[in-house]
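One structure is given below, encoded as structure tokens.
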Amino acid sequence: NAGVTQTPKFQVLKTGQSMTLQCAQDMNHNSMYWYRQDPGMGLRLIYYSASEGTTDKGEVPNGYNVSRLNKREFSLRLESAAPSQTSVYFCASTKGRAVNYGYTFGSGTRLTVV
Amino acid sequence: SQQGEEDPQALSIQEGENATMNCSYKTSINNLQWYRQNSGRGLVHLILIRSNEREKHSGRLRVTLDTSKKSSSLLITASRAADTASYFCATDAGGQAGTALIFGKGTTLSVSS
């Protein structure tokens with residue numbers, strides 16, 4: 001099925017460990033996004049990539065890095081995980097400007113940092 | 001920074017009743033969108049309303065937009081148990097956030113049979 005695929009679905013990390021969250025879309029979308037969702041906080045933007053080769057910071061970029069590997073893939077890296085990064089992470093993509101087309105979301109990665 | 005804010009935070013109704021949830025935002029927008037999130041799942045895009053539109057329908061969904069009051073409402077008619085989910089509004093903050101959407105904290109709808 002066409003859509004946004006996130007891996008892994010679940011992950012437990014120890015404080016200080018690193019990991020990369022993977023996201024791939026097969027809809028030929030230009031823009032891709034990483035959000036985190038915490039209880040009572042809604043979704044907050046971490047980073048986004050308006051087009052292949054570009055990335056920009058969102059509202060909460062500290063502690064994260066991203067790579068737009070190609071048009072299909074947009075990865076999120078935690079270099080040194082902290083308990084405050086325990087969250088559900090969602091990747092999304094859109095055809096053009098999000099304001100005109102809306103997002104397609106992945107099913108999320110539930111990350112726990114102990 | 002929060003652009004949209006949904007009201008109420010939680011809503012419980014019986015099957016067959018209508019559900020209305022509201023979204024208020026702070027700055028001018030190009031468009032406003034509504035999303036649904038079932039428990040443990042990703043968000044699903046429901047409907048987009050442009051700033052020059054006042055009302056839009058999609059099946060049992062009716063969305064209104066009042067740019068003078070900076071508010072929108074989502075009406076779900078004849079609710080079903082399957083409508084149980086969280087609903088989020090999202091806006092672009094008039095372009096200040098680039099191409100990314102800013103989401104509210106959501107309204108949790110519970111429909112009981």
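Lettering follows sequence order; numbering is per chain, from 1. Everything numeric here is computed off the predicted structure, so don't read it as measured data.
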Quiz item: Between B/V44 and B/Y35, does a side chain to side chain contact (heavy atoms under 4.5 Å, CB included) hold up when you go through it step by step?
Solution: CA-CA 5 Å; B/V44 174; B/Y35 289 78; 5.9 Å; no
Quiz item: What residue, out of B/Q33, B/R41, B/H45, B/R50, has the most heavy-atom pairs lying under 4.5 Å from chain A?
Solution: B/Q33
Quiz item: Measuring heavy-atom distances to chain A, does B/Q9 have an atom under 4.5 Å in its side chain, in its backbone, in both, or in neither?
Solution: neither
Quiz item: Does the ring centre of A/Y33 sit less than 6.0 Å away from the ring centre of A/F74?
Solution: no
Self-check item: Ion pair check, B/D83 and B/R36, cut-off under 4.0 Å
Solution: no
Quiz prompt | Side-chain donor-acceptor pair present, A/K95, A/N30, cut-off under 3.5 Å | solution = no
Quiz item: With respect to chain B, which residue among A/V4, A/N100, A/T104 yields the maximal number of heavy-atom pairs within a distance under 4.5 Å?
Solution: A/N100
Practice problem: Find the one option among A/A92, A/S107, A/C91 whose heavy-atom pairs under 4.5 Å with chain B are most numerous. | Solution: A/S107
Quiz prompt | Per-residue contact mode, A/Q6 against chain B (heavy atom under 4.5 angstrom) | solution = neither
Practice problem: Taking atom types as modelled, find out whether A/Y48 and A/Y35 have a side-chain donor-acceptor pair closer than 3.5 angstrom. | Solution: no
Quiz item: Given a strict heavy-atom distance threshold of 4.5 Å, which part of B/L43 is in contact with chain A: side chain, backbone, both, or neither?
Solution: both
